[in-house]
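The structure appears below as structure tokens.
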Amino acid sequence: LRPIGDADPAVRAAAVRALAEHRHKVPGARKHLARALADDDPRVRAAAGRTDSFYDDPAAAEALAHRLSVEPNLRARNSIIAAVARKTRTEGTHVEPVTLARRIGEPIRAMLLRELGNDDPKIRTLVASALERLRGEEVAAAMLERLRAEADPAVRATLVLFNGYHAVAERALPVLAALLASDASPLIRARAGHLLETFGAEAAEPLIAALDDPDGNVRRAAVMSLGRVGGAYSLPALAKEFVNPDSAWFRREVEIAIRDVTTRAAAVEAPAPSSGLSARIQGWIDELDPEPGSGWLVRVCRDDLNALPLHSSLIYLWAIRPDGTVLCMDHEAFGHPTEPETEPLAAFAAVVQGARTYPELRDVIPPPPAGALPCDRCAGRGWRSGNEHCFSCRGFGWWVS
């Protein structure tokens, strides 16, 4: 603590960095770090601002945001903003967006939104990279406005990594469609194509047009997104791409997209469970007994989702709620995001698999899409020998001709 009061600013800055590193062991460390934010020398203020003490500490976050609002030294200010952005980005790989927003605090989130307009493109890139970990309409609107105005290719390339533009879908769709159609960078066009998979059927038209793009990566992105949002009207364009010699290296993705579009067009709505079956499903959920440690997926299904596990692959797990809703969980992603399954073949296959353990579920098996057949590679199991995942049917156990 003594060097924090040293006459030499370089010594004070070094002392601040050391104190920040060991602040949990030093009583009163927060008070000294806050005082350093108001030091006469910008090097010391920058050192205090570059600590990660704002994270999960509302008082420190508010003090840091205030410092940035009055900081006269541009170099110190940008140094602090860059450090905050990097910390936010890093922590965003470990927690889901809602938790991240709470832990960085509203003053820091608001600061990051403002700094999307920073004069330095390197700072804008760092800030956009941090905000990419957040979600919500306000964040999506700010990222979209920056994307509209941004002239720097590196910053635009970061902005199109944000996967939350569907929160402002009506405004975002024409912007992303324009990037897909005419941006000079194939990388940005491809990323725009991938983003459009979350926009529903309205995105199909620009995706079909993108199948004429000269860049193979852009066409591949358009194919993959069309598999998620395209209807039967997109099949001629997909079939044309399938026989295109230039698409040979991603023909498997074209095949999957054609199958998914065909399956969706042939799908029939699943019957709702009777009141008696709903009660039985709830009973099975209540009886789930996850093993300590290794049974975390079952525990999440029981305690967080109130859903009965049916089937899993290397990446996804499917479960059914008492009302018949089939959920799909990405158990390999942090926070295991879970949403209702919208792919008819996946829902059909999951309930078929679950009925092998719970025969009463046969009453709510969705009618198989037209042309659905057991996978001949795995005999409908979804797995090959041992625990080897069947890549032919993607673990569903079924495919559509």
Side-chain angles (χ1 to χ4, degrees), residues 1-95 99-134 139 142 146 150 152 154-155 158-159:
L1 293 176
R2 284 192 299 272
I4 285 184
D6 195 274
D8 185 344
V11 174
R12 298 201 301 275
V16 166
R17 290 191 292 270
L19 178 60
E21 183 178 353
H22 301 287
R23 64 182 178 274
H24 300 298
K25 303 176 184 178
V26 181
R30 180 189 298 176
K31 176 184 65 176
H32 291 287
L33 290 173
R35 188 178 299 153
L37 280 173
D39 193 276
D40 291 338
D41 193 281
R43 289 172 291 178
V44 181
R45 298 197 298 271
R50 286 195 300 266
T51 70
D52 58 4
S53 58
F54 73 92
Y55 190 73
D56 222 3
D57 186 334
E62 187 170 355
L64 182 58
H66 173 71
R67 177 69 252 168
L68 285 168
S69 69
V70 299
E71 176 56 56
N73 185 281
L74 181 60
R75 184 174 181 179
R77 188 173 187 278
N78 281 348
S79 175
I80 295 172
I81 293 169
V84 170
R86 290 190 183 100
K87 175 66 175 178
T88 302
R89 169 77 181 181
T90 300
E91 293 299 330
T93 63
H94 306 301
V95 299
T99 303
L100 179 64
R102 175 176 57 79
R103 290 185 176 176
I104 65 173
E106 178 55 32
I108 294 297
R109 190 185 78 100
M111 180 275 293
L112 289 171
L113 290 174
R114 287 194 302 270
E115 294 307 322
L116 272 174
N118 193 288
D119 291 337
D120 187 336
K122 293 182 180 178
I123 297 297
R124 295 201 301 276
T125 300
L126 287 171
V127 169
S129 181
L131 288 171
E132 190 235 320
R133 299 298 185 182
L134 297 174
V139 174
R146 185 69 250 165
E150 186 56 60
D152 189 283
V155 184
T158 303
L159 289 164

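These values consider heavy atoms only, across backbone and side chains, with no hydrogens, waters or symmetry-generated copies.
The minimum heavy-atom distance linking Ala128 with Leu159 is given by the pair CB-CD2, 3.8 Å. Pro107 and Ala65 get closest at one heavy-atom pair: CB-CB, 3.6 Å. When all heavy atoms are compared, the tightest approach of Arg67 to Pro72 is NH2-CD, 3.8 Å. When all heavy atoms of Ile123 and Ala82 are compared, the closest pair comes out as CD1-CB, 4.0 Å. In terms of heavy-atom proximity, Pro42 sits nearest to Ala76 at O-CB, 3.8 Å. For the pair Ile104 and Ala61, the tightest heavy-atom approach, listed with the atom from each and the gap, is O-CB, 3.6 Å.
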Quiz item: Under the side-chain contact (heavy atoms from CB on, under 4.5 Å) criterion, do Leu68 and Ile80 qualify, and how do the steps go?
Solution: CA-CA 8 Å; Leu68 285 168; Ile80 295 172; 3.7 Å; yes
Self-check item: Arg89 vs Glu132, side-chain contact (heavy atoms from CB on, under 4.5 Å): CA-CA, chis, key distance, verdict
Solution: CA-CA 8 Å; Arg89 169 77 181 181; Glu132 190 235 320; 2.3 Å; yes
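Note that CE of Met111 and CZ of Phe54 are 7.5 Å apart. Values are rounded to the nearest 0.5 Å. In this structure, OG on Ser79 lies 10.0 Å from CD on Glu71, to the nearest 0.5 angstrom. For the atom pair CZ of Arg50 and NZ of Lys87, the computed distance is 15.5 Å after rounding to the nearest 0.5 Å. Rounded to the nearest 0.5 angstrom, Leu113 CG and Ile108 CD1 are separated by 11.5 Å. Rounded to the nearest 0.5 angstrom, Arg45 CZ and Arg12 CZ are separated by 10.5 Å. Here CD of Glu91 is found 9.0 Å from CG of Asp56. Values are rounded to the nearest 0.5 Å.
Contact check on Arg124 versus Asp152 returns no salt bridge, with no Lys/Arg side-chain nitrogen under 4.0 Å from an Asp/Glu carboxylate oxygen. Glu115 has a carboxylate O that lies under 4.0 Å from a charged side-chain N of Arg77, or vice versa, which qualifies the two as a salt bridge. Salt bridge status for Asp120 with Lys122: absent, with no side-chain N to carboxylate O gap under 4.0 Å.
Looking at Tyr55 and Leu100, their side chains come closer than 4.5 Å, going by heavy atoms from C-beta outward. With contacts defined as side-chain heavy-atom distances shorter than 4.5 Å, the pair Leu131/Leu116 qualifies.
The local environment of CZ in Arg75 is sparse, with at most 12 non-hydrogen atoms from other residues, nucleotides or ligands closer than 6.0 Å.
For the pair Thr125 (side chain) and Pro121 (backbone), a donor-acceptor distance under 3.5 Å is present. Side chain of Thr158 to main chain of Ala154: a donor-acceptor pair is present (N/O by atom type, distance under 3.5 Å, no hydrogens or angles).
Checked by atom type, the side-chain pair Thr88/Arg133 shows no donor-acceptor distance below 3.5 Å.
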